[in-house]
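Take a look at the structure set out below.
Along the sequence shown, the residues carry numbers beginning at 1.
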Amino acid sequence: MFTAEQVLEEIDEIMQQDEIPVDESQDETDAETEQKEKHPISSILYEEKLKTLTNSQLNEVYLELERMIQENSEVLIQELALRDELEFEKELKNTFISYLLTIQNKKRQHSTEKRRGRSSNGNSTDAKFLTTVIPYSIENGPPNNQTLQILIKILKAINEDNPAVPALLTDYILKVLCPT
């Protein structure tokens with residue numbers, strides 16, 4: 001078996017042996033140069049050169065191309081998986097920010113209404129607004145996707161005024177902040 005570099009060197013040697021004569025038209029050379037720039041593999045392996053290779057040489061070229069395709073396919077799959085993971089993380093962060101802003105707006109609106117209610121009729125309203133702080137440690141860096149999902153669940157419950165908020169907070173503290 002030859003290495004990829006050896007196969008490419010052999011192909012380069014074959015290509016140099018069959019150089020195109022200088023007296024051919026410039027248009028043909030320009031078209032060939034343009035073809036080589038568009039398709040790097042075809043610049044190395046164009047049809048005339050392939051016809052001069054033996055079967056064993058063609059098999060080596062085929063195996064090398066197959067190996068290169070396999071490697072590039074693996075890299076592509078990894079890159080697509082990374083893209084999908086980053087897209088999912090982006091969606092989580094956007095959802096987190098959306099719930100956070102919604103809750104902050106509700107809190108602002110509630111405090112504005114509370115001030116207006118006191119100043120207009122002198123009575124304090126008996127409406128209660130849940131205020132809670134979700135514990136977070138800056139030393140640990142930004143939350144991972146799993147933690148973000150838990151935080152989103154808590155924020156959603158807070159936004160919906162769900163009675164499960166205390167239980168969700170307790171679970172978060174016990175499972176994420178202080179795991180046993």
Shortest non-hydrogen contact between [X] and [Y], atoms and distance:
X    : Y    : answer
N159 : K106 : O-NZ, 2.7 Å
Q57  : T52  : OE1-O, 4.5 Å
L155 : I103 : O-CD1, 3.3 Å

When you check the side-chain N and O atoms of N144 and T147, is any donor under 3.5 Å from an acceptor?
yes
I'd like to know if the side chain of E74 pairs up with that of Q70 as donor and acceptor (distance under 3.5 Å, no hydrogens or angles considered).
yes
Co-membership, hydrophobic cluster, residues [X] and [Y], 4.5 Å side-chain:
X    : Y    : value
L151 : L101 : yes
L174 : L148 : no
I69  : L76  : no

[atom1] of [X] to [atom2] of [Y]: how many Å apart, nearest 0.5 Å?
X    : Y    : atom1 : atom2 : result
N145 : E91  : CG    : CD    : 10.5 Å
T95  : L100 : OG1   : CG    : 12.0 Å
L168 : N162 : CG    : CG    : 7.0 Å
Q104 : I97  : CD    : CD1   : 10.5 Å
L65  : Y62  : CG    : OH    : 9.5 Å
I154 : Y172 : CD1   : OH    : 6.5 Å

Using a strict threshold of under 4.0 Å (side-chain N to carboxylate O), is an ion pair present between E87 and R83?
no
Looking at E113 and R116, is there a salt bridge between them, counting it only when a charged N and a carboxylate O are closer than 4.0 Å?
no
Go through it in stages, so that I can follow the logic: the residues are V165 and L169, the test is side-chain contact (heavy atoms from CB on, under 4.5 Å), and I'd like the CA-CA distance, side-chain angles, deciding distance and then a yes or no.
CA-CA 6 Å; V165 171; L169 283 170; 3.9 Å; yes
Cluster partners of L86, using ILVMFWY side-chain heavy atoms under 4.5 angstrom, listed by chain and number?
L82
Tell me, with the steps shown, if K156 and E160 meet side-chain contact (heavy atoms from CB on, under 4.5 Å).
CA-CA 6 Å; K156 182 178 180 187; E160 295 171 351; 3.1 Å; yes
Give a yes or no answer on whether the side chain of T102 reaches the backbone of S98 with a donor-acceptor pair at less than 3.5 Å.
yes
Can you confirm whether more than 12 heavy atoms, excluding those of Q146, are under 6.0 Å from its CD atom?
no
